[in-house]
Trainee: 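Structure in structure tokens, see below.
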There are 2 protein chains.
Amino acid sequence: MSGKKNSLTVADVAREAKVSKATAARVLGEYGIASEGARKAVLEAAERLGYQPNDLARSMSTGRSGLVGVIVGDIENAFFSQAVRGISDTLRAAGLNLIISNSSEQLSEEIEMVSVLLRQRVAGLIVAPTDARHVDHLKAALAAGTPVVTLDRHAPQLGADAVCGEDRQSVGRVLRRLQEEGHRHVAYVTAMKTRDGKLGRLEEIGISAVRERISGFLTQMREAGVEDPADLVFVGATGDDETTAVVTRILKRSPTITAILASDSLICARVFRELSDRGLTLPQDMTLVSWFDADWSRVTTPRISVVDQPTYQFGQKAAERLIARLKGDASPPRVYVIPTPLLERGTIGPAKTE
Amino acid sequence: MSGKKNSLTVADVAREAKVSKATAARVLGEYGIASEGARKAVLEAAERLGYQPNDLARSMSTGRSGLVGVIVGDIENAFFSQAVRGISDTLRAAGLNLIISNSSEQLSEEIEMVSVLLRQRVAGLIVAPTDARHVDHLKAALAAGTPVVTLDRHAPQLGADAVCGEDRQSVGRVLRRLQEEGHRHVAYVTAMKTRDGKLGRLEEIGISAVRERISGFLTQMREAGVEDPADLVFVGATGDDETTAVVTRILKRSPTITAILASDSLICARVFRELSDRGLTLPQDMTLVSWFDADWSRVTTPRISVVDQPTYQFGQKAAERLIARLKGDASPPRVYVIPTPLLERGTIGPAKTE
DNA sequence: TTGTACGCGTTATCAG
DNA sequence: CTGATAACGCGTACAA
């Protein structure tokens, strides 16, 4: 209807340069051999006519496309947009482009997006899988010869490279540090939703990073002698109101609970605001630690202590792995763990003793 | 080399369904007519075999691709990532996907990216042009039949739809409000770089939104009787150190300067932190207003007053316009202005009188 | 070194 | 309604 692309083809250039289509294709496609004379003639003709190669047709011929599909949970979240930047920069340096998609952390959308991307015949896929237990669509991609790298999450059954943070270790590290300060009852707040609003079985947590962290949380808390640590995991902090409700529930259990762990920067922002609104002073009245070093972590008073997840690097590494696979690396899939150190700033204080 | 995609074709499905390739293509491509019987046979065969259409080949045949190219200044910036989300959601609802690119606000990269996207034969382009004076590459795309919509910025010579905020008006609105509070000397801080670190001629500012805002700033300040308002525009706040330096220069002119306007949320964060570090209290010691309502604007004490740029809507509108053009809308190009109201929170106070 | 001719997977035309 | 068959633009054996 609308697309009346009058784009020129190699044939047009060939005619103008008075050589065969094949010769023109060879110099324009930078493959095969051509005499210096033919070469110049073609290049000049192309320049004169303003020829633009058609990568669509090229991909169809060669079977490979210069496009990589990226599926993240939410591009609006700085965690992912930073990772995408890392991916983008690395990919571009290798002459690849990226198609980006949002799964909204919903399996159905992720499946749909994988299908769309596969139809576009992307060269590879970088995905933050929403549910490590349902990766058949990714496995199918892999089987069909499209390399896959998972970002921030790991799906063991998938058999793909994965780039992750130190989810399990970091939570242990943070808790031990807090325990040094005398904290025993620490709340973990996550956006994850469950049917009944209670933490269910760990195996039912689809996002591996979330599962690892909660699992590590429970282990470390038990080790420290807390009898029922599952009671300290608060789920469903998905929006402003929900987070407010969670904070209310936490404060009802104050002064037993003396510290809060926010599983991402959005949650942390809401918790922080809620605490301030209620007149609490940090870290005297409450200790707060978050995952991800958001750009605002150092503009609050006090500054937020965070587990630094360098997601730009996550993205970089994931792209590097994908490129390696694209180049034929057939080594067994590996998990690449990016260090996520605790950046201690102003929101960690001694536990408030009664 | 690596791409051994063994994907099935319509021919395979046709064989399995015992019909001709043409018939299979018709039902799979959902065009033309086919009998109910043939239809079922083909669909079942496709299901059984696990056929996945090849959108590359489809695009090559039809001439149109379901891909839209998006070029932003920096995907890491929440301003743009939010806009991208709006674009993505709207596009997807229309069955389109997006290829995203970063220009890093550099003309050369923008030109390169446009070229790459055009080679991919994208259906259309949504661009935040880095330099309104150099848009020949975009004009060429337009001329070749690829619709273009500019995001957040306007390039009059281009002749494309544009979606912008009320840059000029919002700065006037903010200044009048501050003037009510007795502020006369207001500093405007921007990341824009100039050769000599001084504000040059307005026509030399490439990013239209920046130009409009500074132009409005100068006008409104002059109207209020400030003799040399160009001295109040501080450029080059590109990073942490640079912004620190700017704040130092501003404070040297305190108490003459009683208020600061930050042209984006990154700058605002740095300015805010710098002011706090120096022990200043807002809004008593300084008034601060920023553009863009970042997610952290309400976690500081006091909360930041901002000019709210709903960039998700920017993106939505831009995508809508592009879709309309794709559908054949040939009306003259228009500028769509999205309201950007001042959200007054805690950082506006009366001017500190000596 | 250059040119011919065919294939990639679709869509689309045009007889049957 | 259906089935050959020709595009689409480019890569590439194979032959000249």
Side-chain angles (χ1 to χ4, degrees), chain A residues 1 3-43 45-46 49-66 118-123 144-145, chain B residues 1 3-42 45-46 49-67 118-123 144-145:
Chain A
M1 311 277 114
K4 183 61 159 296
K5 316 283 171 143
N6 52 333
S7 48
L8 302 161
T9 77
V10 281
D12 298 317
V13 177
R15 201 175 308 121
E16 174 82 6
K18 294 184 195 307
V19 297
S20 79
K21 207 167 58 172
T23 306
R26 275 191 276 260
V27 359
L28 292 173
E30 297 178 335
Y31 62 92
I33 329 169
S35 69
E36 207 41 49
R39 184 180 181 66
K40 252 191 68 177
V42 171
L43 257 22
L49 265 39
Y51 167 77
Q52 290 277 99
N54 183 334
D55 278 352
L56 238 59
R58 183 170 294 180
S59 302
M60 227 190 61
S61 286
T62 59
R64 60 176 149 268
S65 89
L118 249 28
R119 283 207 287 266
Q120 299 283 352
R121 295 299 186 267
V122 291
Chain B
M1 307 277 111
K4 184 63 159 296
K5 316 284 174 139
N6 53 335
S7 49
L8 303 160
T9 76
V10 283
D12 298 314
V13 177
R15 200 176 309 120
E16 173 82 6
K18 296 186 193 305
V19 297
S20 78
K21 201 168 66 170
T23 306
R26 273 191 279 260
V27 357
L28 291 173
E30 298 180 332
Y31 64 95
I33 330 171
S35 68
E36 208 39 50
R39 185 181 181 64
K40 251 192 70 178
V42 171
L49 266 39
Y51 166 77
Q52 289 279 96
N54 183 333
D55 279 352
L56 236 62
R58 183 171 293 180
S59 301
M60 224 189 64
S61 272
T62 59
R64 61 176 147 267
S65 88
L67 260 31
L118 249 27
R119 284 206 288 266
Q120 299 283 353
R121 295 300 188 265
V122 292

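Remember, it's a predicted structure, so these values are computed and weren't measured experimentally. Below, chains carry the letters A, B, ... as their sequence lines are ordered, and counting in each starts from 1.
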Trainee: For residues A:Val13 and A:Glu16, determine if any side-chain heavy atom of one lies less than 4.5 Å from a side-chain heavy atom of the other.
Mentor: no
Trainee: Could you tell me how far apart B:Arg64 (CZ) and D:dC8 (C1') are, to the nearest whole angstrom?
Mentor: 13 Å
Trainee: Heavy atoms under 4.0 Å, any strand shown: does A:Ala38 hit a base, just sugar-phosphate, or nothing?
Mentor: sugar-phosphate
Trainee: Report yes if a donor N or O on one partner sits less than 3.5 Å from an acceptor N or O on the other, where the partners are the side chain of B:Arg26 and the base of D:dG3; otherwise report no.
Mentor: yes
Trainee: Examine D:dT2: is either OP1 or OP2 under 4.0 Å from a nitrogen or oxygen in the side chain of B:Ser20? Give yes or no.
Mentor: no
Trainee: Looking at every strand, decide which applies to B:Ala34 at a 4.0 Å heavy-atom threshold: base, sugar-phosphate, or nothing.
Mentor: sugar-phosphate
Trainee: In whole angstroms, how far is the P atom of C:dT10 from the CG atom of B:Asp12?
Mentor: 9 Å
Trainee: How about B:Leu28 and B:Tyr51: do any of their side-chain heavy atoms sit closer than 4.5 Å?
Mentor: yes
Trainee: Is the shortest side-chain N/O distance from A:Thr9 to OP1 or OP2 of D:dC8 below 4.0 Å?
Mentor: no
Trainee: Are A:Asp55 and B:Arg121 close enough that some pair of their side-chain heavy atoms sits under 4.5 Å apart?
Mentor: no
Trainee: Starting at atom CG of B:Leu28, determine the distance to atom P of C:dT10, rounded to an integer number of angstrom.
Mentor: 8 Å
Trainee: Taking atom C1' of C:dT10 as reference, at what distance in whole Å does atom CG of B:Leu56 sit?
Mentor: 11 Å
Trainee: Rounded to whole Å, how long is the line connecting atom CG of A:Asn54 with atom C1' of D:dG11?
Mentor: 13 Å
Trainee: Just how far is it from atom OG of B:Ser59 to atom CG of B:Leu67, taken to the nearest 0.5 Å?
Mentor: 7.5 Å
Trainee: Think A:Ser35 has a side-chain N or O under 4.0 angstrom from the OP1 or OP2 of C:dT2?
Mentor: yes
Trainee: Rounded to whole Å, please give me the gap between CD in B:Glu36 and C1' in D:dT2.
Mentor: 15 Å
Trainee: Between P on D:dG3 and CZ on B:Arg15, what's the gap in Å once rounded to a whole number?
Mentor: 14 Å
Trainee: Using OP1 and OP2 only, check whether a side-chain N or O of A:Tyr51 sits under 4.0 Å from D:dG9.
Mentor: no
Trainee: From the list C:dG9, D:dT5, D:dG11, which nucleotide is the closest neighbour of the side chain of B:Lys21?
Mentor: D:dT5
Trainee: Measure from the side chain of A:Val19, starting at C-beta and using heavy atoms only, and say which of D:dG9, C:dG3, C:dA12 lies closest.
Mentor: C:dG3
Trainee: Which value, rounded to the nearest 0.5 Å, describes the distance between A:Lys21 atom NZ and A:Arg15 atom CZ?
Mentor: 10.0 Å
Trainee: Just how far, in rounded Å, is P of D:dG9 from CE of A:Met60?
Mentor: 11 Å
Trainee: So which nucleotide from D:dG3, C:dG9, C:dT11 ends up closest to the side chain of B:Ser7?
Mentor: C:dG9
Trainee: Output yes when at least one side-chain N/O atom of A:Ser61 is less than 4.0 Å from OP1 or OP2 of D:dG11, else no.
Mentor: no
